[in-house]
Structures are given as C-alpha cells and as structure tokens.
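Since the structure comes first, as structure tokens, the remarks are kept for the end.
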Protein chains: 2
Amino acid sequence: MQKEASKEPGADRIEKIDPRFLSTLRDHVHKTLRTAILSGRFAPDERVNERQLAEQLGVSTTPIKEALRQLETEGLVETLPRRGVLIRFNASWAEEMILARAALESMIAHLAAKRIERQEIQRLEEIVAMMGKATEDGVADDLISLNETFHEQIHIASRCQYLSRMIERQQFYDGSIRRVIHSDPLERGRALAEHAAIAAAIISNDSDKAERVMRDHVVRSGETYLNIVFKKKEDI
Amino acid sequence: MQKEASKEPGADRIEKIDPRFLSTLRDHVHKTLRTAILSGRFAPDERVNERQLAEQLGVSTTPIKEALRQLETEGLVETLPRRGVLIRFNASWAEEMILARAALESMIAHLAAKRIERQEIQRLEEIVAMMGKATEDGVADDLISLNETFHEQIHIASRCQYLSRMIERQQFYDGSIRRVIHSDPLERGRALAEHAAIAAAIISNDSDKAERVMRDHVVRSGETYLNIVFKKKEDI
DNA sequence: TTGTGAGATCTGATATACCAGATTTCAGAT
DNA sequence: ATCTGAAATCTGGTATATCAGATCTCACAA
C-alpha cells in the first residue's frame with residue numbers, strides 16, 4: 001500500500017485499482033467490492049458512497065454504478081434512490097445464501113443423476129479418487145481445487161447452464177477460510193465421505209438420493225463455515 | 001404509439017418511456033426490457049445496441065447500461081465487452097428458471113413448515129379458503145392475485161428474505177399468460193388441490209412433505225406454462 | 001484470384017458535468 | 001427554549017462527450 005497521505009477513512013479496506021488486468025474496470029470493481037462485502041469488511045447496513053468508492057478505487061463513478069447495480073441484483077447491497085447505497089450482508093444473509101446453494105445444488109444433483117453419461121461417470125470417479133488421495137496427503141489447496149472440479153463436473157453432467165450460473169453467485173467462502181476448514185482432518189474425512197456418497201448416488205442414477213445427499217453436504221459444510229466465521233449455529 | 005416516422009426496426013417491440021411514474025428511469029428500463037425478453041419479443045442470441053435502446057426508450061445510455069447490468073446478473077443478457085450485448089433467453093432457459101424456482105420455493109416451504117406460527121397458519125387457511133371460492137367463481141384475476149398472496153404468505157412464514165428475493169427473480173409469467181392458464185377449469189382444480197396440499201403440509205409442520213408437494217406444484221404448473229408458450233414438454 | 005493491412009466504423013467502456021431529490025444546518029421568529 | 005423554513009449540502013440519477021477494442025471495407029500488392 002503506497003499511499004501518499006491516507007486521509008479517507010476506510011480506504012484500507014479495499015484495494016486501489018491497479019493494472020492492465022481484467023477486461024473491464026466494472027468487473028474489477030464488482031469483484032473487489034463483492035469480496036470485501038462477503039469477507040465482512042463492511043458492517044451490515046453500512047452506507048457506501050459512490051463518489052468516495054470511485055476515488056478510493058481510482059476510477060470514475062460509471063463503473064462503480066454498474067458494479068453496484070450488479071451487487072444489488074445479487075442482493076448484497078440495496079440502493080435507496082437519491083439517498084444512498086447500503087451494504088446488505090450479515091450472518092443470516094450468509095445462512096440464506098447457503099440454503100439457496102443447497103437448494104440449487106441438490107436440484108442439479110438430481111438432474112445429473114438422470115442425465116450423466118459414461119464418459120462423465122468416469123471423469124467423476126477419477127475426481128473422487130484424486131480427492132481420496134488428496135485427503136490422505138492433506139494438502140488443503142489441492143482439496144479446494146478438487147472440490148471445485150467435483151461440483152463443476154456435476155454441473156456439466158446436469159446440462160444446466162442457468163442453474164450453474166446461479167450457484168456461482170451463491171459462492172462466498174474465499175480461499176483463506178476454505179484453507180482453515182480443510183486443515184482439520186475430521187472435516188476432510190467428512191467431506192470426502194460426503195463427496196463419495198454424492199458421486200455414488202449420481203453414478204447409480206439414484207436421483208432422489210443424490211438430491212438428498214447433496215443438500216445435506218452443502219448445508220453441513222455451510223454450517224461449518226458459519227461456525228468459523230460467524231460463530232453461531234443454525235438448524236434447518 | 002405516436003411516433004413521427006418509425007424508421008428503426010424493432011422499435012415497436014418495446015414501449016417508449018413515457019411518464020413521471022417509476023422512481024428511476026433505470027427501473028423503468030429494467031422492467032420494460034425484462035418483460036420484453038421474457039415474453040419473447042427478442043430472439044435468442046439477438047444482439048441489442050445500447051445507443052439504439054436509449055433512443056427507442058427516449059433516455060440516455062446511462063440508465064440503459066445500468067439496467068443491462070442488472071439483466072446480466074439475472075442471466076437474461078450477456079455482455080461481450082466492447083463487442084455487444086446478447087439476449088439470453090429461450091425455452092431451455094425458461095425450463096431452468098422454473099427448476100430454480102422449484103428448488104427455492106421448496107426450500108422455503110420446508111422452512112415455513114418448521115417456522116410458521118399460529119397467526120400465520122390462520123392467515124394461510126383464510127387464503128386457501130378464498131382460493132376455493134375463487135376457483136368456483138372462476139374469476140381468473142382473483143386467482144392470479146390470490147396465488148401471489150399464497151406464496152407470499154409462505155415466504156413470510158419461512159422468515160427468509162434473501163430467498164424470497166431470489167424467487168422473485170425467477171418469476172416470469174406475465175398476467176396475460178396466467179389468465180390463459182387459469183381460464184381452464186381443469187387447471188384451476190389441479191392448482192387448488194395442490195395449494196391445499198401445500199398449505200396442509202406446512203400447517204401440520206410436515207416439512208419434508210411441504211417441500212415435496214411445493215416442488216411438484218411449481219414444476220407441474222411450470223410445465224403447463226411451457227406447453228402453452230413454447231409448445232413442448234420436459235421431464236424432470 | 002487471393003491475401004494483406006491501413007483506415008473507416010461500430011460498439012461498449014469510461015470520465016465528467018450537471019440535475020434533482022433528500023437531509024441537514026441554522027438564522028430568525030414565537 | 002422551541003419551532004420553522006429557506007438555503008447549503010449530500011447523494012444518487014441522468015446526459016453527454018470521448019476513449020478504445022473489435023470488425024468491417026476495400027484498395028492494392030503478390
């Protein structure tokens with residue numbers, strides 16, 4: 001952080017735009033703000049100011065406004081016309097995002113169990129095998145990566161593009177927290193067992209079971225996350 | 001439509017901005033475009049031009065851009081940076097939107113069955129009773145209105161705000177099509193029976209049954225819609 | 001005929017100025 | 001001390017000009 005004076009409060013919570021990366025400034029702003037909100041760097045109901053954000057990120061208000069509109073549609077901020085923009089994220093929002101993901105992932109698992117084909121079955125089995133190995137090795141980053149691949153493969157087998165995109169928007173744990181979660185051997189074991197059960201159900205075309213097991217997996221791992229980040233429990 | 005020349009093609013598919021209503025132009029543009037897309041007034045993959053839309057709607061490109069960003073997050077358009085904006089809606093998208101709604105509504109029904117309170121039970125029973133009467137009377141508009149109230153009451157009982165908002169974004173039948181659907185006595189009967197079953201399951205705190213019945217209801221009525229609008233069937 | 005590339009052109013991306021509600025401030029009246 | 005309302009101010013909303021990547025055109029060379 002090489003700032004000249006750092007007068008503006010809160011300027012340290014979001015990184016200043018820097019480079020030539022990212023196709024558009026809007027995407028960068030969106031991604032930056034989303035991460036900041038989901039990792040709790042804004043208080044619930046905190047007001048944010050478009051001009052101020054623009055200055056902090058070193059861009060004009062146009063990409064800020066567009067990014068805020070995206071975040072608004074995602075449900076992470078609320079705009080009160082001519083009054084202000086509020087952050088909309090807290091523990092119960094996180095819980096509901098997990099429930100949304102559980103509902104959508106289980107629907108996808110249901111369809112994947114009905115639609116999966118030979119080649120995709122093989123791929124899924126390979127992924128689970130690799131997960132088994134990674135679980136033994138205990139390399140968190142490998143597990144995180146395989147986890148994504150696993151769910152992605154199920155999305156592919158389901159042939160649902162719209163639903164897949166919706167699920168992406170419910171994803172909010174970042175790498176550092178995943179690493180904490182996966183550093184626990186018990187958690188690793190649980191996750192492996194669940195992934196194996198999901199894969200088995202899908203491969204055997206048991207759509208009802210796939211749906212159920214997937215839902216339970218997403219909810220349980222979501223609770224693990226909530227317990228770490230928000231230090232509280234919730235029953236479904 | 002009081003246009004001076006009407007040279008631009010496609011200008012008749014979207015109504016020109018008119019009034020002093022709606023708090024912001026952005027909201028009006030968003031609502032207008034969303035309705036136009038969902039009612040099939042754009043071909044799948046059709047390109048739309050920001051400047052052209054601005055001219056057709058009689059506004060500048062700023063509210064157009066913001067509305068397009070919202071639609072993009074909703075999954076109804078796709079923006080290729082510096083290349084164009086494409087419409088993303090067709091029969092399979094509609095199917096998946098129905099599946100998404102089914103997944104989310106069933107999750108909500110599940111929670112509503114666990115969380116509903118006395119007063120809300122009474123309200124739900126009243127609504128179902130009114131639905132029974134409206135079904136006999138056969139007034140489509142009353143049924144449409146009660147339908148909304150019914151689902152809304154379940155959302156309230158579930159105490160899920162985020163999920164409720166997500167479901168709103170999956171809603172895409174407009175009034176005219178609903179009216180067509182509800183004009184069929186058989187459909188009215190089916191819908192009433194399903195609504196009654198959903199209410200009964202929620203009231204008796206049978207969350208698993210509520211979930212199942214709600215999902216089947218959303219999927220079945222969605223298929224009815226698809227059969228009318230896209231003239232095709234789909235198995236789940 | 002085919003290939004090539006400079007320039008015209010199309011389109012979204014970005015910056016900026018200004019507009020208009022909403023809120024706050026504060027002098028002045030009661 | 002309290003109320004009132006006009007003016008200053010804050011904030012998002014909107015319009016517009018300009019930037020820059022992506023494509024298309026088409027003369028011109030191989």
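Numbered from 1 within each chain, the chains take letters A, B, ... in sequence-line order.
Under a 3.5 Å cut-off, the side chain of A/R215 and the backbone N or O of A/A102 do not form any donor-acceptor pair. B/E96 places a side-chain N or O within 3.5 Å of a backbone atom of A/Y162 that can act as its donor or acceptor partner. Although no hydrogens or angles enter the test, the distance criterion places no donor-acceptor pair under 3.5 Å between the side chain of A/R178 and the main chain of A/S176.
Rounded to whole angstrom, the span from the CD atom of A/E66 across to the C1' atom of D/dG13 amounts to 14 Å. Taking atom CD of residue A/E50 and atom P of nucleotide C/dT14, one finds them 15 Å apart after rounding to whole Å. Separating the CG atom of B/L86 from the P atom of C/dT11 is a distance of 13 Å, rounded to the nearest angstrom. One interatomic measurement links the two molecules: CD1 of B/I64 to P of C/dT11, which rounds to 15 Å at whole-angstrom precision. The distance from atom CZ of B/R82 to atom C1' of C/dT11 is 10 Å, rounded to the nearest whole Å. Rounded to an integer number of Å, the gap from A/L68 CG to D/dT14 C1' is 16 Å. With rounding to whole Å, A/Q52 atom CD is found 14 Å from D/dG12 atom C1'. Separating the CD atom of A/E55 from the P atom of C/dT14 is a distance of 19 Å, rounded to the nearest angstrom.
Counting non-hydrogen atoms under 4.0 angstrom, A/T61 reaches a base of the nucleic acid. Within 4.0 Å of B/R26, counting heavy atoms only, lie sugar-phosphate atoms of the nucleic acid but no base atom.
Contact of A/T24 with C/dA13 (side chain to base): no donor-acceptor pair of N or O atoms is detected under 3.5 Å. One donor-acceptor pair, N or O on each side, does fall under 3.5 Å between the base of C/dA15 and the side chain of A/T62. For a distance-only test at 3.5 Å, the side chain of A/R51 qualifies as a donor-acceptor partner of the base of D/dG12.
Between A/P63 and B/V85, the residue anchored nearer the 5' end of DNA chain C, judged by the nucleotide with its closest heavy atom, is B/V85.
Taking side-chain N and O atoms only, B/N49 has no distance below 4.0 Å to OP1 or OP2 of C/dC10. Between B/R69 and C/dA13 there is a side-chain N or O to OP1 or OP2 distance below 4.0 Å. One finds no side-chain N or O of A/K65 lying less than 4.0 angstrom from the OP1 or OP2 phosphate oxygen of D/dG12. A/S60 has no side-chain polar atom (N or O) that falls below the 4.0 Å cut-off from OP1 or OP2 of C/dT14.
Distance NZ/B/K65 to CZ/A/R26: 6.5 Å, rounded to 0.5 Å.
Other residues, nucleotides and ligands contribute only 12 or fewer heavy atoms inside 6.0 Å of the CD atom of A/Q119.
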